[in-house]
2 protein chains.
Amino acid sequence: MTSTDPTPPLRPTRQRKAVAEAMASFADFRSAQEIHELLGDRGEQVGLATVYRTLQRLADAGEVDVLRTEDGEAIYRRCSDTHHHHLVCRSCGATVEVEGPTVERWTSSMAAEHGYADVSHTLEIFGTCPRCA
Amino acid sequence: MTSTDPTPPLRPTRQRKAVAEAMASFADFRSAQEIHELLGDRGEQVGLATVYRTLQRLADAGEVDVLRTEDGEAIYRRCSDTHHHHLVCRSCGATVEVEGPTVERWTSSMAAEHGYADVSHTLEIFGTCPRCA
DNA sequence: ACCCGAGTTGACAATCATTCTCAACTCGTC
DNA sequence: GACGAGTTGAGAATGATTGTCAACTCGGGT
């Protein structure tokens with residue numbers, strides 16, 4: 001293997017910083033297009049393609065969570081670095097990160113019971129938050 | 001209420017039967033396009049738009065499950081009528097329906113803890129099935 | 001300061017799944 | 001056998017996302 005293939009250099013460009021800042025400025029899930037728009041409002045001119053590329057990197061790096069709306073659109077949100085799930089308000093989008101050993105254990109045992117290995121899972125909870133109730 | 005608005009008439013057309021049969025012929029998740037193709041192979045000529053429409057009806061009626069692949073494509077599968085989740089093989093797509101009060105309870109309590117009402121959730125488990133291991 | 005190559009960017013074209021449009025068609029019924 | 005509502009299909013339209021590629025920017029030498 002000739003490939004040491006270290007972390008390929010990542011440059012802190014104006015655009016990347018702008019996206020990172022934008023992501024830090026809201027707590028719910030937003031679509032790439034919305035984020036792009038938000039950048040425009042802030043006066044930070046960033047190409048849509050770049051927004052997509054950057055969000056993808058961030059997602060790969062585990063710095064943002066990606067979800068799919070009912071109609072298949074990808075939405076993003078900054079997140080903590082530990083494994084967790086989301087409790088999302090159907091009406092206003094307010095999001096709470098939740099976690100706990102219960103589900104983790106349950107999914108593992110279900111998988112084991114059927115002989116599945118290398119298990120991972122996705123779990124999202126939707127509801128109406130107290131403020132929207 | 002003037003609206004008795006009963007089940008709007010649903011006609012058992014050749015196309016709808018064909019799709020229903022097709023859905024019964026496989027046990028994993030397939031995309032609308034794949035299902036359309038499968039119909040073609042079977043000699044049942046059905047328009048793509050109709051396949052989409054029919055799948056949507058079936059999904060609304062709860063007769064098929066819909067999932068989103070990593071890249072946002074919708075995939076369908078016939079399912080039992082009770083609430084359940086899926087254990088899907090990442091490599092061959094083999095699917096097992098799983099259910100249990102544990103998760104249901106966990107999600108409810110999490111929601112309650114944060115004051116969320118009207119809760120629903122989605123949960124999918126991915127892994128490598130025994131045959132693909 | 002200046003040069004250079006690799007990593008980046010952006011405008012725009014290209015993809016691709018899904019939905020829309022609407023005239024022609026089919027069912028079950030009268 | 002005719003009627004009207006529900007259906008269908010071909011193709012256009014939509015909309016998110018990705019690809020293309022020439023121009024640009026960074027940071028490390030020199």
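Letters A, B, ... mirror the listed sequences (proteins, then strands); counts begin at 1. Everything numeric here is computed off the predicted structure, so don't read it as measured data. Values reported hereafter were calculated over all heavy atoms of this structure, with side chains retained and with hydrogens, waters and symmetry mates removed.
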Pick out which of B:Q15, B:K17, B:R14 makes a side chain to side chain donor-acceptor pair (under 3.5 Å) with B:E44. B:R14

What is the distance, rounded to the nearest whole Å, between atom [atom1] of [X] and atom [atom2] of [N]?
| X | N | atom1 | atom2 | answer |
| --- | --- | --- | --- | --- |
| B:F29 | C:dA17 | CZ | C1' | 18 Å |
| A:E44 | C:dT9 | CD | P | 13 Å |
| A:L39 | C:dT9 | CG | C1' | 14 Å |
| B:I75 | C:dT18 | CD1 | P | 10 Å |
| A:L48 | D:dG19 | CG | P | 14 Å |
| B:K17 | D:dG6 | NZ | C1' | 15 Å |
| B:D71 | C:dC16 | CG | C1' | 10 Å |
| A:L58 | C:dT8 | CG | P | 13 Å |

Should the pair A:R57-A:E63 be classified as a salt bridge under the 4.0 Å nitrogen-to-oxygen rule? no

[X], nearest nucleotide to its side chain (from [options]):
| X | options | result |
| --- | --- | --- |
| A:Y52 | D:dT17, C:dT9, C:dT18 | D:dT17 |
| B:E73 | C:dT9, D:dT8, C:dT18 | C:dT18 |
| A:Q33 | C:dT8, D:dT17, C:dG10 | D:dT17 |
| B:R16 | C:dT8, D:dT7, D:dT17 | D:dT7 |
| A:R11 | D:dT17, D:dT25, C:dT18 | D:dT25 |

Verify the contact: side-chain N or O of [X] to OP1 or OP2 of [N], cut-off strictly under 4.0 Å; return yes or no.
| X | N | answer |
| --- | --- | --- |
| B:Q45 | D:dG9 | no |
| A:R57 | C:dT8 | yes |
| B:Q56 | C:dT19 | yes |

B:A49 or A:G47: which one's nearest nucleotide on DNA chain C is closer to the 5' end? A:G47

Comparing B:G72 and B:T13 on DNA chain C - which has the more 5′ nearest nucleotide: B:G72

Given side chains that start at C-beta, do those of A:E97 and A:R77 come closer than 4.5 Å, heavy atoms only? yes

Quick one: label B:E34 by what it contacts on the DNA or RNA (base, sugar-phosphate, nothing), any heavy atom closer than 4.0 Å. nothing

Can you find an N or O donor on one side and an acceptor on the other, under 3.5 Å apart, linking the side chain of A:R53 with the base of D:dG19? no

Is the closest side-chain donor-acceptor distance between A:S108 and A:R105 under 3.5 Å? no

With rounding to the nearest 0.5 angstrom, report the OH to CD1 distance, B:Y76 to B:I35. 7.5 Å

